[in-house]
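Below is one structure; the comments refer to it alone.
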2 protein chains.
Amino acid sequence: MRVSKQQAAENREGVLDAAAKLFRERGFDGVGVDAVMAEAGLTHGGFYKSFASKDALVAEACTRAFRQIDDFWGGYAGRPGKGLAAAVGWYLSRRHLDSPGDGCVLAALAADAGRRGPTARAVFSVGLERWVGYLVRLLPGASEARRRDAALARIATMVGAVAIARALDDQSLADEILAAARIAVLADYAVPEGQSR
Amino acid sequence: MRVSKQQAAENREGVLDAAAKLFRERGFDGVGVDAVMAEAGLTHGGFYKSFASKDALVAEACTRAFRQIDDFWGGYAGRPGKGLAAAVGWYLSRRHLDSPGDGCVLAALAADAGRRGPTARAVFSVGLERWVGYLVRLLPGASEARRRDAALARIATMVGAVAIARALDDQSLADEILAAARIAVLADYAVPEGQSR
DNA sequence: ATTATCTATAGATCTATAGATAATGC
DNA sequence: ATTATCTATAGATCTATAGATAATGC
């Protein structure tokens with residue numbers, strides 16, 4: 001019943017992976033500690049040897065989920081121009097909609113995070129700030145301040161579009177809002193100056 | 001212990017008001033039937049005389065919450081030009097952030113709705129479509145199709161900005177994303193042609 | 001007599017803890 | 001001997017139901 005120190009560390013990682021996935025799929029209140037442990041292939045009793053509380057798990061699991069944003073947007077942040085369209089294309093896609101457990105933590109859990117305490121909210125503040133940094137690098141524009149505003153607004157558009165599209169029963173309306181968001185996020189940036197609108 | 005037919009109808013309305021408020025504040029999974037009934041000043045046992053299930057309550061409470069969107073945006077939809085800035089000004093305000101129980105149902109519950117069944121999601125589809133209708137009337141623009149795209153994207157921006165801002169621990173970052181969304185939502189529309197960007 | 005609400009409770013689930021178990025690591 | 005995990009369970013909470021209660025409405 002006891003495993004090696006390394007295996008125990010791997011198990012802890014597995015719990016975090018399971019939590020990061022399940023929370024995004026069902027929300028913080030929709031997933032119990034038992035479900036997370038079961039997803040990780042463990043029994044629920046051992047949970048509190050690794051984590052102080054469910055709240056601590058929430059914070060760590062979100063930190064982990066934000067790392068996927070780093071990987072994705074950070075990966076595009078080096079390249080200019082075409083990178084933005086490709087990244088936005090995936091973000092505002094049906095594929096992203098249909099895989100919340102592996103998708104953007106903000107689109108899946110921003111409202112849930114708003115109902116939690118300072119610990120989880122701090123993770124979201126730091127994570128958002130990093131995403132803004134990557135996006136600022138992808139957006140051409142005059143001043144740094146303007147690019148920062150543009151990045152913040154575009155993140156809001158993308159996150160809102162995915163969250164809303166998931167809430168809809170009407171698939172064609174969901175596709176419409178994704179398409180409309182794509183146009184708004186790429187307009188004035190991917191398209192040469194003065195060509196759009 | 002029994003009340004008049006009229007009083008019973010009023011009690012049912014009170015339960016829906018309580019649910020519409022509490023769900024937006026704590027999420028569907030964060031509020032039990034008992035809490036809703038207590039908020040309405042009733043005991044939980046009587047709940048199932050009025051509603052078939054919690055799911056039925058969720059759907060009806062969201063329908064009620066969407067009616068507030070009708071009142072607010074529908075009220076502005078008649079007037080052109082200046083109405084948009086005023087409506088957006090409230091929507092993207094600290095006051096709205098701080099009163100989720102009386103605020104936009106999409107900003108508070110879109111992600112939650114995405115985890116529910118077709119009944120609740122149908123309410124969101126119909127409610128969103130109505131909001132789009134009001135906003136299309138507020139947005140000048142060339143073709144109907146372009147105005148519809150603009151309305152959808154701007155709804156996504158507003159909903160995303162409020163949901164994200166609520167998730168943040170950092171108040172100044174929250175204010176920043178609200179301000180950035182304000183600029184993005186009003187640009188090219190409230191500002192005379194060619195003057196912005 | 002009907003019925004809106006209340007009291008009480010069943011059965012499930014959730015967070016958290018206690019103690020047992022058995023393999024690791026000194 | 002230490003400790004990672006398991007079994008078992010406490011105490012709270014959640015959805016839903018059953019039966020009692022008492023005022024309405026025929």
Side-chain angles (χ1 to χ4, degrees), chain A residues 1-62 109 112-113 115-117 119-120, chain B residues 1-62 109 112-113 115-117 119-120:
Chain A
M1 295 217 172
R2 189 185 169 189
V3 301
S4 71
K5 226 153 193 183
Q6 189 191 328
Q7 182 62 51
E10 282 171 21
N11 285 348
R12 205 191 121 99
E13 296 298 299
V15 172
L16 284 171
D17 285 334
K21 177 189 165 208
L22 293 182
F23 284 148
R24 279 177 284 181
E25 285 175 355
R26 307 185 212 159
F28 298 132
D29 291 339
V31 182
V33 161
D34 59 332
V36 172
M37 293 298 276
E39 175 82 12
L42 298 165
T43 55
H44 64 281
F47 174 79
Y48 291 91
K49 260 271 146 73
S50 294
F51 300 94
S53 62
K54 184 181 177 180
D55 226 62
L57 175 69
V58 164
E60 279 204 64
C62 288
L109 292 169
D112 282 62
R115 298 170 202 134
R116 295 203 82 87
T119 313
Chain B
M1 297 218 171
R2 188 184 170 189
V3 301
S4 71
K5 228 155 192 181
Q6 190 191 327
Q7 182 62 50
E10 282 171 22
N11 285 348
R12 204 190 121 100
E13 296 298 299
V15 172
L16 283 172
D17 285 335
K21 177 190 166 208
L22 293 181
F23 283 149
R24 278 177 286 180
E25 285 176 354
R26 305 186 215 160
F28 297 132
D29 291 339
V31 182
V33 161
D34 59 333
V36 172
M37 294 298 276
E39 174 83 13
L42 299 165
T43 54
H44 64 280
F47 174 79
Y48 292 91
K49 260 272 144 74
S50 294
F51 300 94
S53 63
K54 184 182 177 181
D55 225 63
L57 175 69
V58 164
E60 279 205 63
C62 288
L109 292 168
D112 282 62
R115 299 172 202 133
R116 296 203 82 86
T119 312

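Chain letters run A, B, ... following the sequence lines, proteins first and then strands; every chain starts at 1. Keep in mind it's a predicted model, so treat the numbers as computed, not measured.
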Classify [X] by what it touches in the nucleic acid, base, sugar-phosphate, or nothing, heavy-atom distance under 4.0 Å.
| X | answer |
| --- | --- |
| Ser53(A) | sugar-phosphate |
| Lys49(B) | base |
| Gly45(B) | base |

Whole angstroms only, please: what is the [atom1]-[atom2] distance between [X] and [N]?
| X | N | atom1 | atom2 | answer |
| --- | --- | --- | --- | --- |
| Arg2(B) | dA23(D) | CZ | P | 11 Å |
| Arg26(B) | dC14(D) | CZ | C1' | 14 Å |
| Phe51(B) | dA16(D) | CZ | C1' | 15 Å |
| Asn11(A) | dA23(C) | CG | P | 16 Å |
| Met37(B) | dA4(C) | CE | C1' | 10 Å |
| Gln7(A) | dT24(C) | CD | P | 11 Å |
| Lys5(A) | dT5(D) | NZ | P | 12 Å |
| Phe23(A) | dT15(C) | CZ | C1' | 12 Å |

Could you report the tightest heavy-atom contact between [X] and [Y], atom names first, then the distance?
| X | Y | answer |
| --- | --- | --- |
| Asp29(B) | Asp29(A) | CB-CB, 3.6 Å |
| Leu22(A) | Val31(A) | O-CG2, 3.4 Å |
| Ala61(A) | Leu16(A) | N-CD2, 3.8 Å |
| Arg116(B) | Ala120(B) | CB-CB, 4.1 Å |
| Phe28(B) | Asp112(B) | N-OD2, 3.3 Å |
| Val3(A) | Ala8(A) | CG2-N, 3.7 Å |

Residue Lys54(B), side-chain atoms from C-beta onward, closest of dC6(D), dT15(D), dA16(C): dT15(D)
Val33(B), nearest nucleotide to its side chain (from dT9(D), dC6(D), dT15(D)): dT15(D)
Closest-nucleotide 5' rank along DNA chain C - winner of Phe47(A) and Ala9(B): Ala9(B)
5' precedence on DNA chain C between Val3(B) and Gly32(A) (nearest-nucleotide basis): Val3(B)
Pairing annotation in dot-bracket form, given for DNA chain C with Watson-Crick or G-U pairs under 3.5 Å and | for cross-strand partners: ||||||||||||||||||||||||..
5′-ward residue of the pair Ser4(B)/Gly46(B) relative to DNA chain D: Gly46(B)
By side-chain hydrogen bond (donor to acceptor under 3.5 Å, both in side chains) - contacts of Glu25(B) (at least two apart): none
Any Tyr48(A) side-chain N or O less than 4.0 Å from OP1/OP2 of dA16(C): yes
